[in-house]
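Here the structure is laid out as structure tokens; the discussion comes afterwards.
The figures that follow rest on heavy atoms only: side chains count, while hydrogens, waters and symmetry mates do not. A, B, ... follow the sequence lines: proteins, then strands. Residue 1 opens every chain.
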There are 2 protein chains.
Amino acid sequence: MTEAGTQKRAGRAVRVEDVAREAGVSPITVSRALSDPEKVREETRKKVAEAVAKTGYVVNRFASSLRSGRSSIISVFVSNLQNQHFANAVQGCADALEGSGYHLLMAQTGYSDRLQQDVVERVLPFRPAAVMFTGVVQSERTRAQLGKLGIPVMEMWDYRPDPIDMLVGFSNAEGGRLMGEHFGRRGFRRIAYCGRTEDRGAQRLAGFREGLAASGRTVDFVLPLEGRRTVTDGMQALEQIRAGLPGCDAIFFGTDILAVGAVLEARHLGLKIPGDVAIAGYGDLEFVKQLHTPLTTIYVGSYALGLAAGQMLRKRLRHEEIGERIALSPIHLEVRASTGG
Amino acid sequence: MTEAGTQKRAGRAVRVEDVAREAGVSPITVSRALSDPEKVREETRKKVAEAVAKTGYVVNRFASSLRSGRSSIISVFVSNLQNQHFANAVQGCADALEGSGYHLLMAQTGYSDRLQQDVVERVLPFRPAAVMFTGVVQSERTRAQLGKLGIPVMEMWDYRPDPIDMLVGFSNAEGGRLMGEHFGRRGFRRIAYCGRTEDRGAQRLAGFREGLAASGRTVDFVLPLEGRRTVTDGMQALEQIRAGLPGCDAIFFGTDILAVGAVLEARHLGLKIPGDVAIAGYGDLEFVKQLHTPLTTIYVGSYALGLAAGQMLRKRLRHEEIGERIALSPIHLEVRASTGG
DNA sequence: CCTGTTGACGATAACGTTGTCATCGAGGGG
DNA sequence: CCCCTCGATGACAACGTTATCGTCAACAGG
């Protein structure tokens, strides 16, 4: 058994009935005055407001949601708020939904599918009006279950062509392409990629190749580094790339953290950036412009993404036309000193 | 009128009654089998479980909370998740409460008192089992209102001796003191402080003076900078301090962001750090160890703080003895190159 | 055999609100 | 002057669950 629910409120709650008696009207009129004021005369509304103030009445949303069959809860699934981008996105959602009367219920998911399944089931008792995910839902079973729920579902962050319902994401391919074109304009000749080569990484790499192809270039060396990586990995990567591709003059890292490591290591080795080797990253860190050698990277607006998702969802909840159910949040190239800004 | 509540569920919901019929028991037995399994025979429990699976029953927490008078909702007030420290703290709370059966409801507060008052009222309809705040509650009216609620209240982040109910915070004075002692050990002679001189800043400064006093030192120059500040402010501050206190050889900034600016400006001016001027900050940024000149600062464990707060609250909700209702989360000095680490 | 206790389960009612339909008077068109 | 619409309000019942009390059988102790 769970621990929840040992809190009991003391005393008898103030009910609509009490307010109604105080105001000299019927309970249903109190209800209307509070939730649909236009249907009540100005004068009556005022009497009710006074009675509410006097009694200290606070509506009970459990009763109200039960009876009306409406829920003001939107459930937000986040794998980890310590990831600053996710936190920003959630804040964006919150801001977009401010004043809409909806409330965000945090649901923590680990990265694992099994957990996500559990959590979805833990949230369903609240009959949420909608659910949002930072990151696409992986498990097919969960996707099917969510689809059948008949409520708006928002997937954020990643792109996929067949969302459960709505999606606002970044195009990883677009980011890679922008960087490829930039490398072409800069005239780099021996080009390496380092980072993940699965999922998001694969998309970034594919886009990168495409962008380079526009100026007849190719990726001459790929150093795959799967999973979570650190600055130290980036430092080692630089050596491996220089060994694997002698004369390499430009490296695109799939993740800023690796690029930061490479920048530090290059300075350590006395290499000129970008003279000897140009280095670029992909936007997962906010401080890279404050490095000694500011890093060229792909800027990812995680707050803006969350805001856009929240706005789309809000429209949807108002039954307004939302047009496309898939939106790509803008990303752009930040050219800085590390590629010769 | 708010927008919320336009979602209506289609079809007839599966109720305990349906499950009961399927399992050949009474509704109340189904309820018990699900929420208090020990009171039901193993065999009956199994029949109920099968019936639940077959019917796809999901409990309706609105009905259950309404009838039982218990809420599984804990309301968390955050001013801004884009502040990484707050996000970490919230994640800590979430982790501490994982598996407890409680759910976190996000409540966004601006920094203003008026807003906080509004939001508290927006949350009360959920009859939360507890409320948590990142940051102490400023408004006396809100403090009184919360006190009367009779539910656990947790204030996080700042320290104050008279919390509404429970508090887990950092001692800003302690951080200042540690830095003052460090400056003493380093032998700095002409010492400046720059940053806020109100609230948290005042405490940091007071602690700093105290730490310096241990080695007979004093703060020779104070440059007050109230409000939110940026790297640029830090850059300008360095010049002002050098003008205001010629020969200044060490500066303690009340906020890392200012210290970062000063470090960048010092490098720009060709000053040696810490040879010409030592610089230290106060832990609000995570990347300062990755600067070209890593920054000495006060480390603040925001995740650990949230975790501790969540754990204390969890105990409290189980009616366990919690001992002190006030806890100080550990902070410590991170000595790095910018003060001659 | 009687009384008391315990364990498993059920019948009834109530939690506080709002959807639905009904009522009633005011005003407008024929 | 009648019929109809419209605005404002009320009576009643129902949303889905669980607290409370009650029933009934099994069993122990005297």
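- Atom C1' of nucleotide D:dG7 and atom CZ of A:R32 are separated by 11 Å, given to the nearest angstrom.
- Among the nucleotides D:dA19, D:dG10, D:dT17, the one closest to any side-chain atom of B:S68 is D:dA19.
- At the heavy-atom level, B:T44 lies under 4.0 Å from the strands shown only through sugar-phosphate atoms.
- Rounded to whole Å, atom P of C:dA13 lies 18 Å from atom CG of B:L66.
- A salt bridge links A:E155 with A:R143: at least one charged nitrogen is closer than 4.0 Å to a carboxylate oxygen.
- Rounded to whole angstrom, the span from the CD atom of A:E43 across to the C1' atom of D:dG7 amounts to 15 Å.
- Atoms CD (B:E42) and P (C:dG7) sit 17 Å apart, rounded to a whole Å.
- In this structure, A:R127 places its CZ atom 14 Å from P of D:dC15, rounding to the nearest Å.
- Distances were taken from every side-chain heavy atom of A:P27 (C-beta onward) to each of C:dA8, C:dT18, D:dG16; the shortest belongs to C:dT18.
- In this structure, B:R316 does not pair ionically with B:E324, as no charged nitrogen and carboxylate oxygen lie closer than 4.0 Å.
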Discussion item. Run B:V90 and B:M156 through side-chain contact (heavy atoms from CB on, under 4.5 Å) and show every step you take.
Written reply: CA-CA 10 Å; B:V90 172; B:M156 291 182 281; 6.0 Å; no

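- Comparing C:dA11, D:dG16, C:dG16 against the side chain of B:S26 picks out C:dA11 as the nearest.
- Taking the six-membered ring where the residue is Trp, the centroids of A:W157 and A:F86 are separated by under 6.0 Å.
- A straight line from CG of A:N60 to C1' of D:dG16 spans 14 Å, rounded to a whole angstrom.
- B:L124 has its CG atom 13 Å from the P atom of C:dT17, to the nearest Å.
- Within the structure, every side-chain polar atom (N or O) of B:S64 is placed at least 4.0 Å from both OP1 and OP2 of D:dT17.
- In this structure, B:I28 places its CD1 atom 16 Å from C1' of C:dG7, rounding to the nearest Å.
- For A:S31, no side-chain nitrogen or oxygen approaches OP1 or OP2 of C:dT17 to under 4.0 Å.
- For D:dT18, neither phosphate oxygen OP1 nor OP2 lies less than 4.0 angstrom from any side-chain nitrogen or oxygen of B:R67.
- Taking the six-membered ring for Trp and the full ring otherwise, the centers of B:F126 and A:H103 sit less than 6.0 Å from each other.
- Contact annotation: B:T29 reaches the phosphate of C:dG10 (side-chain N/O to OP1 or OP2, under 4.0 Å).
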